[in-house]
Amino acid sequence: MTHENLKDRMAAAVALPRRARKFVQLDSAALTKAGASSVLALAAGALGGTVALAEAEPDAGEKTKTDEKTLGVVRVEGPLAQRAVEGLCAYVDGYDAVAARFGLALEGSDGVLMVIDSPGGDVAGLEAGVERMLAARAAHPDKRVVAYVDEMAASAAYRIASGVADEIVVPASGLVGSIGCIGAVVDLREQARADGERWTVVRSPAGKDEAMPYAPVEGLAEERLTARVEAAAEAFIAAVSRSRGLTSRAVRAMDGALYTGADAVKAGLADRVGTITEAAELASRGGARPQKDTKMKGMLAAVVATLGLDAGTSEADAIEALGARLKGHDSKAASLEAQLAAYRDKAAEVETVRAELAALKAAQDAAALVALVDGAVAAKKITPARRDAFLTKAQAHGATWAQGVIDELPVLVGATPPPAPAATDAEAVELTAAERAMCARKGVDVASYVRTRNEINARTKRNSADLARGA
């Protein structure tokens, strides 16, 4: 079979008939009926707008043949809920149903193509659904998963694509992104009064059900909702950062925007611009994207632990944090940031950083030793003429040795050296047994031996003092 024939068969294989749809208003009443939580991972334009819902639940684990390959197809369409439900005029897809279809699609296939056209949905159940899909993937590590954006993968739908797929293919007009969460406090008191209703709500404690539409607790309802939305958004941003190799700062800077085609690839949210046929070809090749080796993972974990970061910190965030820690060092440390950016995907990166920091420490120690010797010269314990010679010895013996010698030196530069100590009388000196035996064996007078020894010792001390002072 030629390549063109294969492409034709693939195009026919993935062009499965769409389910019939109905259009409904996605407003607060619809969300309440669908059992949505107060925090949504939903493209902002979808809230309050008209959305299409399928009339029937999709078949679980669609599969199709591509040449000699069996390709599993998982469709994710419309707004998403924690659990799939029939109601709201039609079928609302759920993370539980998506995960179940994904697991079935992996079984008996050579790869999986996810076809996504969804504005996102509820935060509740999203991460649990992704974890179930990742667990299913772990049981089939040799199978490739490709997500095709047909024509939107926003918010929660993008979380699924970025978390599960090896590659994300977006058409030229496709939209991805909207990374973040939203929530709203609805106040229906005015509407209730217009309808002739009067609500009396009794709470214990006072903050119970603070966002009840007919009696919201002003201030508290917004404060608690804000905390939930911010926490969910931070988790969402961190998850995309880990999956896509982006820093959390870069993802946060996107400010919830949607990106189209080539711009999505440039932003790092998609891997290539292509068609559904090309996406199917990629999925049918098999072989998941290779993971980082154990050594690199261990080194990343060590950096995260050393910097006191959260265990779930992405590689990009860890590298950025490491670079920030190095700021404030001299120009040598500044060059490390450039090296970190150039070698972010190389296992040798952390070792390079350690070596450079050791060099910085050595430079600081050398500068401190020079300052110590110059201080001794200023204190007139070492003459300028002998400064370089003493510094050379200090570099050889170390700062501790140099400090000890300097501390013992008197301020005697230019003064007459002290006279050598008089020879000690033989009777006042305690000779060792070995020395006495040597004197007896060679017939040396003990008193003469002692005088000679004392003169040698005195001369040695004067020479050492003269060298240190530059005399």
Side-chain angles (χ1 to χ4, degrees), residues 24-51 53 78-85 87-89 92-96 118-130 154-160 177-240 248 251-258 310 312:
V24 298
Q25 186 78 13
L26 191 61
D27 53 18
S28 60
L31 291 171
T32 301
K33 185 175 180 180
S37 69
S38 60
V39 182
L40 306 174
L42 185 70
L47 190 60
T50 300
V51 296
L53 298 181
L80 304 170
Q82 180 177 5
R83 299 178 181 85
V85 294
L88 193 60
C89 304
V92 178
D93 210 351
Y95 306 122
D96 58 346
S118 169
D122 203 341
V123 165
L126 172 59
E127 289 305 316
V130 171
S155 208
Y158 181 75
R159 170 69 184 109
I160 293 174
S178 189
I179 300 166
C181 299
I182 59 175
V185 177
V186 180
D187 190 341
L188 299 179
R189 286 177 292 189
E190 292 294 334
Q191 179 180 327
R193 282 193 285 269
D195 293 340
E197 297 179 358
R198 181 181 179 85
W199 286 69
T200 299
V201 178
V202 179
R203 291 183 167 94
S204 181
K208 173 71 175 176
D209 197 11
E210 75 284 351
M212 181 181 183
Y214 294 103
V217 180
E218 294 183 8
L220 181 61
E222 182 177 352
E223 177 184 338
R224 289 181 175 177
L225 179 61
T226 298
R228 289 194 293 271
V229 169
E230 288 180 348
E234 284 299 312
F236 191 173
I237 289 169
V240 172
S248 297
V251 177
R252 193 176 291 106
M254 295 176 184
D255 202 22
L258 281 165
D310 184 83

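Keep in mind that what you see is a predicted model, and the values were worked out from it rather than measured.
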Taking the basic N atoms (NZ, or NE/NH1/NH2) and the acidic carboxylate oxygens, is any pair closer than 4.0 Å for Glu210 and Arg203? no

Do the non-hydrogen side-chain atoms of [X] and [Y] ever get within less than 4.5 Å of each other?
X	Y	result
Phe236	Val251	no
Tyr214	Val201	no
Ile160	Tyr95	yes

Can you name the nearest heavy-atom pair linking [X] to [Y], along with the distance?
X	Y	result
Val92	Ala81	CG1-CB, 3.9 Å
Asp122	Gln82	CB-N, 4.4 Å
Cys181	Val229	O-CG1, 3.4 Å
Gly78	Ser118	O-OG, 2.7 Å
Ser155	Gly120	CB-CA, 4.4 Å
Ala238	Ser248	CA-OG, 4.3 Å

Donor-acceptor contact present, side-chain Arg228 to main-chain Gly183, <3.5 Å: no

Considering residues, nucleotides and ligands other than Glu222, do more than 12 of their heavy atoms fall under 6.0 Å from its CD? no

Return the CG to CD1 distance between Asp255 and Ile179, rounded to the nearest 0.5 Å. 11.0 Å

So, taking the atom named CD in Glu190 and the one named CG in Asp195, what distance separates them when rounded to the nearest 0.5 Å? 11.5 Å

Apply side chain to side chain contact (heavy atoms under 4.5 Å, CB included) to the pair Trp199 and Leu188, showing each step before the final yes or no. CA-CA 10 Å; Trp199 286 69; Leu188 299 179; over 6 Å; no

Just do the side chain to side chain contact (heavy atoms under 4.5 Å, CB included) check on Glu234 and Arg252 with the steps written out, would you? CA-CA 9 Å; Glu234 284 299 312; Arg252 193 176 291 106; 3.0 Å; yes

